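Whatever order the structure lists them in is the order used to number ligands and atoms, beginning at 1. Computed from a predicted structure; not experimentally measured.
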Amino acid sequence: MDKVIAIDGPSASGKSTLARNLSEALHIPYINTGSMFRATAWAAARRNIAWDDEKALENMLRTLTMEYRQSAAGDFELFCDDTFPGEELRSTEIAAGASKVGTLLSVRAELKRLQQQMSKIGWIVMEGRDIGTVIFPEAQFKFFVTASPMERARRRLAQEGDKAGGSLEEVAAAIAERDRQDSTRAVAPLKPAEDAELVDNSNMTYEETFNYIYNKVKDAVL
Ligand code: C5P
């Protein structure tokens, strides 16, 4: 068994906040794998490599270094060839690029290799879409965190306001469509591992969700 807490689930399910806070409470590194797909798109754009040029992306990833470093404030931040892309990774353009490069087999294979290396030093909490299914099928803990599209739309609107991209119904429809795309794609589709615990937090507060997971893992990790 790998000393990994795998947190998978769709976007806006609250899994990033959960994973970050678990890492803090348990004093273990937090790896947000979405950032690695975003950094791949970001680094490619800087090199004028197209997001569908699989061969060039594969070559780029072979020499690019990606590592998480802990900031003075305690956050785990992704550095790419010693550069900190920071907020640049959060743009909608880079998010679209991340989704695009994430459909390519060889990109996923290179990132998988890097992600698997990150568990060598001890416990980690790793968050993404395919951690429990593909990256660490032997993870000691697997959670699939989700909420209804309507509830996720509500949270996204509360967090992003006008930037969320429309009314509650429109945002919920876009979220449901992205779920459909992510869960039906051929490579590493978004789906719970058979042995993952499903945590639907549509009717749970954030604290309830956090405490539920924390109580399940704390004795093994601390
Ligand atoms: O989680 P985040 O929104 O940062 O992820 C950006 C994109 O990267 C997602 O839309 C998804 O297509 C891709 N991704 C993935 N597998 C992961 C993490 C992210 O395909 N493990």
Subject >> Donor-acceptor side-chain pairing of Glu151 and Ser202 below 3.5 angstrom >> reply: no

**OP:** Evaluate the criterion side chain to side chain donor-acceptor pair (under 3.5 Å) for residue pair Ser16 and Glu127; output intermediate values, then yes/no.
**Re:** CA-CA 7 Å; Ser16 295; Glu127 173 227 327; 3.0 Å; yes

Subject >> Minimum non-hydrogen distance to atom 20 (O) of ligand 1, winning option of Arg108, Arg129, Lys100 >> reply: Arg108

Original post:
So, is Arg178 polar-close to ligand 1, with some N/O to N/O distance under 3.5 Å?
Top reply: yes

Original post:
Nearest protein heavy-atom contact for atom 8 (O) of ligand 1: which residue, which atom, what distance?
Top reply: Phe37 CB, 3.6 Å

Original post:
Considering only the protein, which heavy-atom contact is closest to atom 4 (O) of ligand 1, and what is its distance?
Top reply: Arg38 NE, 2.6 Å

Subject >> Residue, atom name and distance, where the atom is the protein heavy atom closest to atom 18 (C) of ligand 1 >> reply: Thr33 OG1, 3.5 Å

Original post:
Looking only at side chains, do Asp81 and Thr83 share a donor and an acceptor under 3.5 Å apart?
Top reply: no

Subject >> Proximal atoms of ligand 1 relative to Arg185 (non-hydrogen, under 4.0 Å) >> reply: 12 (O), 15 (C), 20 (O)

Subject >> Proximal ligand 1 atoms for Ser99, defined as those under 4.0 Å from one of its heavy atoms >> reply: 10 (O), 12 (O)

Original post:
Can you list the atoms of ligand 1 that are under 4.0 Å from a heavy atom of Gly128?
Top reply: 21 (N)

Original post:
Is it the side chain (CB and beyond), the backbone, both or neither of Met126 that lies under 4.0 Å from ligand 1, heavy atoms counted?
Top reply: neither

**OP:** May I ask you to say whether Asp82 pairs ionically with Arg69, meaning some side-chain N is under 4.0 Å from a carboxylate O?
**Re:** yes

Original post:
Do Arg38 and Asn32 have side-chain atoms, one donor and one acceptor, less than 3.5 Å apart?
Top reply: no

Original post:
Among all protein non-hydrogen atoms, which one is nearest to atom 7 (C) of ligand 1, and what is the separation to 0.1 Å?
Top reply: Ala98 CB, 3.8 Å

Original post:
Can a donor-acceptor pair be found between the side chains of Tyr206 and Asn21 at a distance below 3.5 Å?
Top reply: yes

Original post:
Under 4.0 Å between a Lys/Arg side-chain N and an Asp/Glu carboxylate O for Asp195 and Lys142?
Top reply: yes

